[in-house]
Number of protein chains: 2
Amino acid sequence: MPDEAVETLRTPTPTRARAFLADALRGGAYVTLVGACTVESRTRTSREHPRARRHATCKPDGTVLVHGPSGHRPLHPQPDGDRVDVRVDDDTGELVVAAGPPSGADQLVARFDTVELATAFDVDDHETDAPSGTEADLKERVLERPALVEPGLRPLATERDTPAGPVDVYAEAADGQPVVVELKRDRAGPDAVSQLARYVDALAADLHGDASPRGVLVAPGVTPRARRLLGDHGLDFAAVDPPRD
Amino acid sequence: MPDEAVETLRTPTPTRARAFLADALRGGAYVTLVGACTVESRTRTSREHPRARRHATCKPDGTVLVHGPSGHRPLHPQPDGDRVDVRVDDDTGELVVAAGPPSGADQLVARFDTVELATAFDVDDHETDAPSGTEADLKERVLERPALVEPGLRPLATERDTPAGPVDVYAEAADGQPVVVELKRDRAGPDAVSQLARYVDALAADLHGDASPRGVLVAPGVTPRARRLLGDHGLDFAAVDPPRD
DNA sequence: GGTTTGATGTCGATT
DNA sequence: AATCGACGTCAAACC
């Protein structure tokens, strides 16, 4: 298939569709199918979907997506593995698209009794600009202007290791007391507070009494439950928005 | 468009593509586009993608997905709102597909300078069998056979409310001591242990000394760090797999 | 509508 | 290559 070609196939027989699909995938193309199919997935959660007209996508990296008429996610979780198998079921005459590891488990199987449209084309792989407004952006902002967290704060390290995991920012307060900073780009929930508490406890054990660290949660906001938990654990909060662009 | 029809349009002009897309969406159809486009998203995290040949899907519910050649997720987060706007840019001649709330923020904008293929068809909305192997399935299993967690355990309530949130299963041990059970369908990590610890602490405060509750994490397994945290908090673990089918 | 949590996917670090 | 830990994102249940 030439690089720029877009191929389409209307109402092929399953045998013809199988050949079209196999050829295109072998050539590294991106393929879509429209037709009535059943979907069965045996991944982390098992799911079965009765026969209905759906839109399926097979990407050259082995990704298989089957979409219904609504929602952002496909009908099934994505199986591990990057192999796609395309065959015609001898008994039922169905076109069978199977994705996942060859071993029985963790498979996604779509069975088309009819294919009304098959398309194949190339899609560009392209470097994409890094997203902005991430936790990494928030970290940069805090490192550049630590006073946003509290006056006199001096960052000492990022990703400092503790037995409970790496802390986002390890710093020293104006009075010299160690401070653990946990960053969240979204409003922080109870999990974020527990995570910070784990880090503070682990660091306190690590320093074995030399100095007792404080913990500060830095996020654009906190949920009520998280706010209460902060108080319970004697942790602080500073409202900082992640920078956008 | 008749229910069963599948329409395709090759290399339309932007004006023609706009009409095709608008007509199909107005009729509740599912539409796909293949062509070179830029993608800009201003949702929670901002992203920009330079012009490249991509595969776009517009669902009748307002979902817009733009996919590259690999990976399960689209190139962009899905904006809030269910409005899709299709127009031709007077200055550049591009076909512009914009999704999200009409107000400027939180928008996804894809700009096609060429459309090589447009397709439109109906996709069935269909009830889907409930997935199995979920946390709800694990809960059923534990309620039916509480001895899987520990001998003599008697479940008293599910979703029992505490100041920290609802506990999965509230139970009584053989000796009458209250037990908080936290269920995870996957191997449990540190977050699960912290969540359980929050519930146990909250319940202990709720019972204010009448009885001191124990906590049991029920999951197919625990990660090393979670195992250590369990010990730190004096919590127990029981290995139980969620039932599959 | 906001909050919370389950369910997934992805990535980086580590083994 | 597999595992683990953390982050990002979506969806559903419940006020």
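Order of the sequence lines sets the chain letters (A, B, ...), proteins ahead of strands, with each chain counted from 1.
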Phosphate oxygens OP1/OP2 of [N]: is one of them under 4.0 Å from a side-chain N or O of [X]?
X	N	result
A:Thr45	C:dT8	yes
B:Tyr199	C:dT5	yes
B:Arg73	D:dC10	no
B:Gln78	D:dA11	no
A:Thr223	C:dT4	yes

Which whole-number value in Å describes the distance from [X] [atom1] to [N] [atom2]?
X	N	atom1	atom2	value
A:Leu108	C:dG9	CG	C1'	15 Å
B:Lys184	C:dG6	NZ	C1'	7 Å
A:Arg187	D:dG8	CZ	C1'	18 Å
B:Lys59	D:dC10	NZ	C1'	13 Å
B:Asp186	C:dT10	CG	C1'	15 Å
B:Glu135	C:dT8	CD	P	11 Å
B:His72	C:dT10	NE2	P	7 Å
A:Leu75	D:dC10	CG	P	17 Å

Taking any heavy-atom pair under 4.0 Å as a contact, classify [X]: base, sugar-phosphate, or nothing.
X	value
B:Glu159	nothing
A:Pro190	sugar-phosphate
A:Arg227	nothing
B:Ala188	nothing

**Asked** With under 30° as parallel and over 60° as perpendicular, where do the rings of B:His55 and A:Phe121 fit, or are they tilted in between?
**Response**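 Answer is tilted, since the angle falls between 30° and 60°.
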
Is it the case that the side chains of [Y] and [X] hold a donor-acceptor pair, with the cut-off being a distance below 3.5 Å and no angle test?
X	Y	result
A:Ser46	B:Arg244	yes
B:Thr57	B:Thr32	no
A:Arg214	A:Gln177	yes

Comparing A:Val222 with A:His76, nearest DNA chain C nucleotide closer to 5' gives the residue A:Val222

On DNA chain C, more 5' by nearest nucleotide between B:Pro131 and A:Arg225 is A:Arg225

* Asked: Are there more than 12 heavy atoms of other residues, nucleotides or ligands under 6.0 Å from atom CZ of B:Arg145?
  ->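 12 or below, so no.
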
Quick note, A:Pro77 side chain, CB onward, closest among C:dT8, C:dT3, D:dT9 is C:dT8

_Nearest to the side chain of B:Pro224, heavy atoms from C-beta on, is which of C:dG6, C:dT3, D:dG5?_
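Of all the options, the side chain of B:Pro224 is nearest to D:dG5.
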
Want to settle it: does A:Arg198 or A:Arg185 sit nearer the 5' end of DNA chain D, counting the closest nucleotide to each?
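That would be A:Arg198.
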
Can you name the one residue among A:Pro243, A:Pro146, A:Pro242 that meets side chain to side chain contact (heavy atoms under 4.5 Å, CB included) with A:Arg141?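 Answer to the side chain to side chain contact (heavy atoms under 4.5 Å, CB included) test with A:Arg141 among A:Pro243, A:Pro146, A:Pro242: A:Pro243.
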
